[in-house]
There are 2 protein chains.
Amino acid sequence: MAVQTRLNGLDLGGLQTIVAGWQSDPAKRQTVWRTRVEWQDGFGNTFQSRSHAPVLVDEPTSLGGTDSAANPAEVLLGALGTCLSIGYALNAAARGIELKHLALDLEGDIDLGVFGGLVEEGNAGYSDIRVRVQVQSDAPREALEALHEHVVRTSPILNTVARPVNVTSEVVVSDPSAASR
Amino acid sequence: MAVQTRLNGLDLGGLQTIVAGWQSDPAKRQTVWRTRVEWQDGFGNTFQSRSHAPVLVDEPTSLGGTDSAANPAEVLLGALGTCLSIGYALNAAARGIELKHLALDLEGDIDLGVFGGLVEEGNAGYSDIRVRVQVQSDAPREALEALHEHVVRTSPILNTVARPVNVTSEVVVSDPSAASR
């Protein structure tokens, strides 16, 4: 019997090799991710990682932007939802579950009072985020529910959002009258 | 003397009207943001908010993807960095500070041991994120440092990452042999 080597568009052997590499050398599991943000004008910005095309981010006109793109709150939900989807594809493949269709709807609540300078105290960020995963598969419902539980528990971005992360920052001021950049 | 009505590409009067609306009706500050993720194949996904074009997200080949776009960890940094940049543009304008140039470099650390199924316990997400803001402005250094402190304290996405958010999820399983979707 032939061993199935591709499932959900993933090369199972290649994935096993990656994880085996992490197992033999745990330092390889320690990853650093980067992006660079360039302010354009108003609320228009791009972010760029590695050699990928810059991604535009703006604010809706209701918040004073030009609505040329999604805003950071929506992009954060995009990061969360795509991480969960990737976890689904990966862990389904590892369990022999074929996904026929997968879509996620995410929504969350932000009180803009702190951002807008109306209240001093309180949480400026998302208080609650709700995720609804829609999956089509021939696998038993119990297997898909177990898959869901595993994906949620092990998602890097869900855990980033659900846990407190240590964020440090610094500002470097350069004199505009100094040498051209 | 003419009152300056535009700064950093922003309409100050328009922004004041938005915040005054929140002041008179606090319910308007309560915002809900949404996105929809569609799984394509392998680790390829898009997320889409409102009428904006879908944004592609993938994984690098080193993680088993096809590297067609930034990955969720990079997109999360993009959400954080663009939120901070928007906060800079807004609060600088409100303080009469003209920004000549603004760029942010973000990086963060993720141990992929939990995601890869190598360790049961531990944090699957970012442990630390570092932000370096480079700003060019004629404003005094002290004013820019005070601006930075304010932006960091009031950023919706920085607070989302730095604080624990209540994330709830559900999975809806549909039978692929049922009616067409």
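Here is how names work: the chains are called A, B, and so on, in the same order as the sequence lines, proteins then strands, and each is numbered from 1. Predicted model only: the values in this text are computed from it and were never measured.
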Which one, [options], leads in non-hydrogen pairs under 4.5 Å with chain B?
| options | value |
| --- | --- |
| A/A89, A/A124, A/A73 | A/A124 |
| A/G117, A/A70, A/G87 | A/A70 |
| A/L63, A/L158, A/D58 | A/L63 |
| A/V114, A/L99, A/V173, A/L76 | A/V173 |
| A/S85, A/G14, A/P26 | A/S85 |
| A/L147, A/V152, A/V165 | A/V165 |

Worked check of side-chain contact (heavy atoms from CB on, under 4.5 Å) between B/R153 and A/E120: CA-CA 10 Å; B/R153 187 175 60 77; A/E120 273 291 306; 3.9 Å; yes
Judged by atom type as modelled, is there a donor-acceptor pair below 3.5 Å linking the side chain of [X] to the main-chain atoms of [Y]?
| X | Y | answer |
| --- | --- | --- |
| A/T35 | B/L106 | no |
| A/T31 | B/I110 | yes |
| B/T160 | A/Y126 | yes |

Measure the shortest side-chain to side-chain distance between [X] and [Y] over non-hydrogen atoms and say whether it is less than 4.5 angstrom.
| X | Y | answer |
| --- | --- | --- |
| A/V167 | B/V131 | yes |
| B/W33 | A/P60 | yes |
| B/L90 | A/F43 | yes |
| A/F115 | B/I86 | yes |

Region of [X] in contact with chain B, defined by heavy-atom distances below 4.5 Å:
| X | result |
| --- | --- |
| A/V119 | side chain |
| A/S51 | neither |
| A/T17 | neither |
| A/L77 | both |
| A/L118 | side chain |
| A/Q16 | neither |
| A/V135 | both |
| A/S155 | backbone |

Might you point out which heavy atoms bring [X] and [Y] nearest each other, and give the distance in Å?
| X | Y | result |
| --- | --- | --- |
| B/V75 | A/A79 | CG1-CB, 3.8 Å |
| B/W39 | A/N8 | CZ2-O, 3.5 Å |
| B/I18 | A/S62 | CD1-O, 3.4 Å |
| A/L10 | B/G64 | CD2-O, 4.1 Å |
| A/A103 | B/R36 | CB-NH2, 3.3 Å |

ILVMFWY network linking A/L56 to A/V37, side-chain heavy atoms under 4.5 angstrom: no
Which distance, rounded to the nearest 0.5 Å, do you find between the [atom1] of [X] and the [atom2] of [Y]?
| X | Y | atom1 | atom2 | value |
| --- | --- | --- | --- | --- |
| A/N45 | B/C83 | CG | SG | 10.0 Å |
| B/H52 | A/S68 | NE2 | OG | 7.0 Å |
| A/D41 | B/R6 | CG | CZ | 7.5 Å |
| B/R141 | A/S174 | CZ | OG | 9.0 Å |
| B/H148 | A/E170 | NE2 | CD | 8.0 Å |
| A/N159 | B/N123 | CG | CG | 5.5 Å |

Is it the backbone or the side chain of [X] that comes under 4.5 Å from a heavy atom of chain A, or both, or neither?
| X | result |
| --- | --- |
| B/T168 | both |
| B/V171 | both |
| B/E98 | neither |
| B/D11 | neither |

I'd like to know which of [options] tops the heavy-atom pair count under 4.5 Å against chain A.
| options | result |
| --- | --- |
| B/V161, B/I157, B/V57 | B/V161 |
| B/A94, B/G78, B/A53 | B/G78 |
| B/Q23, B/Q40, B/R34, B/Q134 | B/R34 |
| B/G116, B/S49, B/A139 | B/S49 |
| B/G125, B/G65, B/G9, B/P156 | B/P156 |

Do the charged groups of B/E74 and A/R50 touch, with an N to O distance under 4.0 Å? yes
How far apart are the C-alpha atoms of A/V172 and B/R132, what are their side-chain angles, what is the distance that settles it, and do they pass the side-chain contact (heavy atoms from CB on, under 4.5 Å) test? CA-CA 7 Å; A/V172 180; B/R132 187 166 180 269; 3.8 Å; yes
If you count the non-hydrogen atoms of other residues, nucleotides and ligands that lie under 6.0 Å from CZ in A/R95, is the total more than 12? yes
